[in-house]
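For reference, the structure discussed in these notes is given below.
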Amino acid sequence: LGPGSGSSYAEVLGDVVKRGVKFFCDRVSGVLGSLGGKESSNTNIHLHGGYAPVRDEVHEIDCELLEGALPESLTGAYLRNGPNAAMEPEGRYHIFDGDGMVHAVRFRDGKVSFSNRYVLTKRLEVELSHGRPVFIRLADCHGVSGFGRMLLQRAMQSLNVLPPFSSGEYHAANVSVVYHAKKVLALGEVGVPYNMRMLCNGIVETLGAVTTNIRGSTSFTAHPKIDPNNGEMVTFGYALENKPYVRVGFLDADGNPERTVEVHGVSQPVMIHDMALTKNYVFVFDMPMRFEPERMLKENKLPFFLHDDIPGRFGLLRRGAVDDADMEWFEVAGGMFVMHEANAWEDEDDETVHLIAFKHTGLDLNRFLKQGDTDRSELAHWTFDLNRKEVKCQALINNEGTYAEFPVINERYRSRKSRFVWICMTHNAEGPHPFERVGKVNVDAGLLNPDEGLEAVIHLPPGLSCGEMRFVPRHDDPNMCDGEDDGFLIGYAHEKDASGAHFVVYDAKTMSSNMLCKFRMPTRIPFGFHGYHITEAEFRAQLS
């Protein structure tokens, strides 16, 4: 300080005050967090065992092959996202709260390389600089202490101790990975996408946040849909405070914004996790999982609640629409939430629309994926009669006594009729849900008789479980494939004692329980959410 220092006394004093405010707010936030009930790896199932975070970032060029051989036609890379808390929580912890970490494998010359890296979001950067988790999480949103932390965070933002949320960059980006317009994107439940890049040596890096291209919104779903016919991406964002609560965005094959449609028909703030796309329509899932912050104080619970007594609605928006004036709504029974869709399409007469998705009942986010979880899932098929304005629903399989989720299809059949859906299954119907089986559902057979819908099942070896298994066509050239189901199922298999993980490949056509190949990963991989396969051509494109 002084002549030539470049800093005035006022600047130094202002910095001292800001540091003092930061210190005070950090201490108050820590106290409020502990008042809410601090959870450790010993008390929260999502912080130990198969869910326990891994903090080390690892790179291995040549992973050990334990079984079989990598199929010659399987090229490119596979990247899977999931929650991986970078720091110990100061209060409670929900599986949706963990920082995004991408676990990636690169295929080349019959070998597999591995890299895991945090998605270096603005939230993570700020918290690393503070040395503690300073932003409020979903698990903090309960009770008086949670309400206090919300007010404190607003105060810290107004005092410039924390940055505002208005940019949409301060989120976990921990749900999924997609590829579009030469970009690999890490996505979260809300917030802008983060552009990732995989280098030639297999290492993954974060390039930074990118715009949502949804006018008026900084929210972007973790499940956008890409039309395989023209490369258009259709996405949406939902808001909890200001109307319109939902906006649907359209991006061309090069990632340029085409238009945004405000959906004013959604009258209350609700959680919407997924969407669906047909040749002519976009589905909006307006289910009664409402945002009701008063429950934090009245019931000491999270502010999202699934109502049994309020009907749900499916909205059908024309893909060429510029507003929601002609949007069609179909009402269904309450108490239902659509977590993940498999596919949607229209009949040739354009009078009937079909949707396949997992219907959840009894979903309580306070107990989600924990012991005593009341969530029940059913792979269902909905038929929407556009003339009669009627909707019908039926189960595609009989999965009584089991829990199933993570539907995948051959993405070449996105938005048109597909015959097969692959799902993950477990006998443990009361959570948590590591899966030990992968099912192949024949849609046509299931519509005739749900008892015949499950065509074949892969059983993982004893001691192993899996998450979502991604379908990859056997050949890049569709003309070389022997039908819709000619391909591979790829993903990570986890040791149930949390001692390690493997990259595995199964035959999606034969559904043999014998692995085509199995590679040992150099580190344990926590249970996560969604992955994505990029072809060799896409791998080269994202490098640029």
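Numbering starts at 1 and runs along the sequence shown.
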**OP:** Quick one: closest heavy-atom pair of Leu240 and Val270, and the distance?
**Re:** CD2-O, 4.1 Å
Subject >> Asn300 vs His142, side-chain hydrogen bond (donor to acceptor under 3.5 Å, both in side chains): CA-CA, chis, key distance, verdict >> reply: CA-CA 5 Å; Asn300 195 30; His142 66 93; 3.2 Å; yes
Original post:
Would you call Asp56 and Arg524 a salt bridge, taking side-chain N to carboxylate O under 4.0 Å as the test?
Top reply: no
Original post:
Under 3.5 Å, is there a donor-acceptor pair between the side chain of Asn195 and the main chain of Gly208?
Top reply: no
Subject >> Arg132/Glu90 ion pair, N-O < 4.0 Å >> reply: yes
**OP:** Given side-chain contact (heavy atoms from CB on, under 4.5 Å), test Trp422 with Val441 step by step and report yes or no.
**Re:** CA-CA 6 Å; Trp422 290 266; Val441 178; over 6 Å; no
Original post:
Side-chain contact, heavy-atom cut-off 4.5 Å: Val438 with Val457?
Top reply: no
Subject >> Expected output: side-chain Glu60 to main-chain Ser113 donor-acceptor under 3.5 Å >> reply: no
Subject >> SB check Arg414 Glu341 (cutoff 4.0 Å) >> reply: yes
Original post:
Would Glu538 and Lys183 pass as an ion pair if we require N to O under 4.0 Å?
Top reply: no
Subject >> Backbone of His427 reached by a side-chain donor or acceptor of Glu436 within 3.5 Å >> reply: yes
Original post:
What is the distance from atom CG of Leu379 to atom CD1 of Ile397, rounded to the nearest 0.5 Å?
Top reply: 5.5 Å
Original post:
When rounded to the nearest 0.5 angstrom, what is the spacing between CD1 in Ile226 and CE in Met233?
Top reply: 4.0 Å
Subject >> Step-by-step side-chain contact (heavy atoms from CB on, under 4.5 Å) determination, Asp274 to Lys225 >> reply: CA-CA 9 Å; Asp274 204 347; Lys225 306 305 174 188; 3.1 Å; yes
Original post:
With a 3.5 Å cut-off and no angle check, do the side chains of Asn84 and Tyr118 form a donor-acceptor pair?
Top reply: yes
Original post:
Hey, is Arg106 close enough to Glu536 for a salt bridge, meaning N to O under 4.0 Å?
Top reply: yes
Original post:
Can you tell me how far the CG atom of Asp364 sits from the CG atom of Leu306, to the nearest 0.5 Å?
Top reply: 9.0 Å
**OP:** Measure across Pro53 and Arg55 and return the closest heavy-atom pair with its distance rounded to 0.1 Å.
**Re:** CG-NH2, 3.6 Å
Original post:
Would Glu455 and Lys440 pass as an ion pair if we require N to O under 4.0 Å?
Top reply: yes
Subject >> Qualifying residue for side-chain hydrogen bond (donor to acceptor under 3.5 Å, both in side chains) with Asp140, from Gln153, His94, Arg149 >> reply: Arg149
Original post:
Out of curiosity, Ile458 CD1 to Asp507 CG, how far, rounded to the nearest 0.5 Å?
Top reply: 8.0 Å
**OP:** Would you name the heavy atoms of Ile136 and Gly146 that are closest together and state the gap between them?
**Re:** CD1-O, 3.8 Å
Original post:
Can the ring centroids of Tyr532 and Tyr78 be said to lie less than 6.0 angstrom from one another?
Top reply: no
Original post:
Are Arg123 and Asp99 within salt-bridge range, i.e. N to O under 4.0 Å?
Top reply: yes
Original post:
Are any non-hydrogen side-chain atoms of Leu65 and Arg520 less than 4.5 angstrom apart?
Top reply: no
Subject >> Audit row: Phe96, Phe368, ring-ring contact (aromatic ring centres under 6.0 Å, His included) steps and yes/no >> reply: CA-CA 10 Å; Phe96 294 169; Phe368 185 56; 5.7 Å; yes
Subject >> Check: His360/Glu405 side-chain N/O donor and acceptor closer than 3.5 Å >> reply: yes
Subject >> Plane angle bin for Phe236 and Tyr238 - parallel if under 30°, tilted between 30 and 60°, otherwise perpendicular >> reply: parallel
Original post:
When you measure from the centre of the six-membered ring of Tyr93, is the NZ or CZ of Arg137 under 6.0 Å away and within 45° of the axis?
Top reply: no
**OP:** Decide yes or no on ring-ring contact (aromatic ring centres under 6.0 Å, His included) for His223 and His530, but give the supporting numbers first.
**Re:** CA-CA 10 Å; His223 295 291; His530 304 281; 4.5 Å; yes
Original post:
Can you tell if the side chain of Asp485 reaches within under 4.5 Å of the side chain of Lys509, non-hydrogen atoms only?
Top reply: yes
**OP:** Answer yes or no: is there an ion pair linking Arg474 with Asp482, defined by an N-O contact shorter than 4.0 Å?
**Re:** no
Original post:
With side chains defined as the heavy atoms from C-beta onward, is the minimum distance between Val421 and Val408 less than 4.5 Å?
Top reply: no
Original post:
At their closest point, which heavy atom of Thr212 faces which heavy atom of Phe220, and how far apart are they?
Top reply: O-CE1, 3.5 Å
**OP:** Under the side-chain hydrogen bond (donor to acceptor under 3.5 Å, both in side chains) rule, what do Tyr403 and Asp375 come out as? Steps first, then yes or no, please.
**Re:** CA-CA 9 Å; Tyr403 185 88; Asp375 178 30; 2.8 Å; yes
Original post:
So, the side chain of Glu484 versus the backbone of Phe420: is there a donor-acceptor pair under 3.5 Å, distance only?
Top reply: yes
Subject >> Side-chain donor/acceptor of Thr206 to backbone N/O of Leu120, under 3.5 Å >> reply: yes
**OP:** Determine, using ring centers only, whether Tyr492 and His502 are less than 6.0 Å apart.
**Re:** no
Original post:
Can you tell me how far CZ of Arg80 sits from CZ of Phe527, rounded to the nearest 0.5 angstrom?
Top reply: 9.5 Å
**OP:** State, yes or no, whether a side-chain contact exists between His533 and Phe488 at a heavy-atom distance under 4.5 Å.
**Re:** no
Subject >> Atom pair CE/CE of Met289 and Met336 - distance to nearest 0.5 Å >> reply: 11.5 Å
Subject >> Contact check, side chains of Val54 and Met101, non-hydrogen atoms, under 4.5 Å >> reply: yes
**OP:** If the plane angle is over 60° it's perpendicular, under 30° parallel, otherwise tilted; pick one for Phe503 and Phe519.
**Re:** tilted
**OP:** Would you check, one step at a time, whether the test side-chain contact (heavy atoms from CB on, under 4.5 Å) holds for Glu189 with His273?
**Re:** CA-CA 7 Å; Glu189 178 69 14; His273 184 66; 2.6 Å; yes
Original post:
Are side-chain heavy atoms of Met198 and Val184 found at a separation under 4.5 Å?
Top reply: no
Original post:
Counting N and O atoms only, with roles assigned by atom type, does the side chain of Asp62 sit under 3.5 Å from a partner on the main chain of Lys111, one being a donor and the other an acceptor?
Top reply: no
Original post:
Does Pro473 reach the side chain of Asn410, with side-chain heavy atoms less than 4.5 Å apart?
Top reply: yes
Original post:
Got a donor-acceptor contact below 3.5 angstrom from the His494 side chain to the Ile525 backbone?
Top reply: yes
**OP:** Give a yes or no on whether the backbone of Ala173 and the side-chain of Asn81 come within a donor-acceptor separation of less than 3.5 Å.
**Re:** yes
Subject >> Closest approach of Val192 to His171 (non-hydrogen atoms, all atoms of both residues) >> reply: O-NE2, 2.8 Å
Original post:
So, Glu468 side chain and Gly531 main chain: donor-acceptor pair closer than 3.5 Å or not?
Top reply: yes
**OP:** Would you mind telling me which of Val210, Thr121, Leu187, Val102 makes a side-chain contact (heavy atoms from CB on, under 4.5 Å) with Tyr194?
**Re:** Thr121
Subject >> Donor-acceptor contact below 3.5 Å, side chain Ser219 vs main chain Val190 >> reply: no
Original post:
Of the non-hydrogen atoms in Thr523 and Ala501, which two are nearest, and what is the gap between them?
Top reply: O-CB, 4.1 Å
Subject >> Between His46 and Tyr51, ring centroids under 6.0 Å >> reply: yes
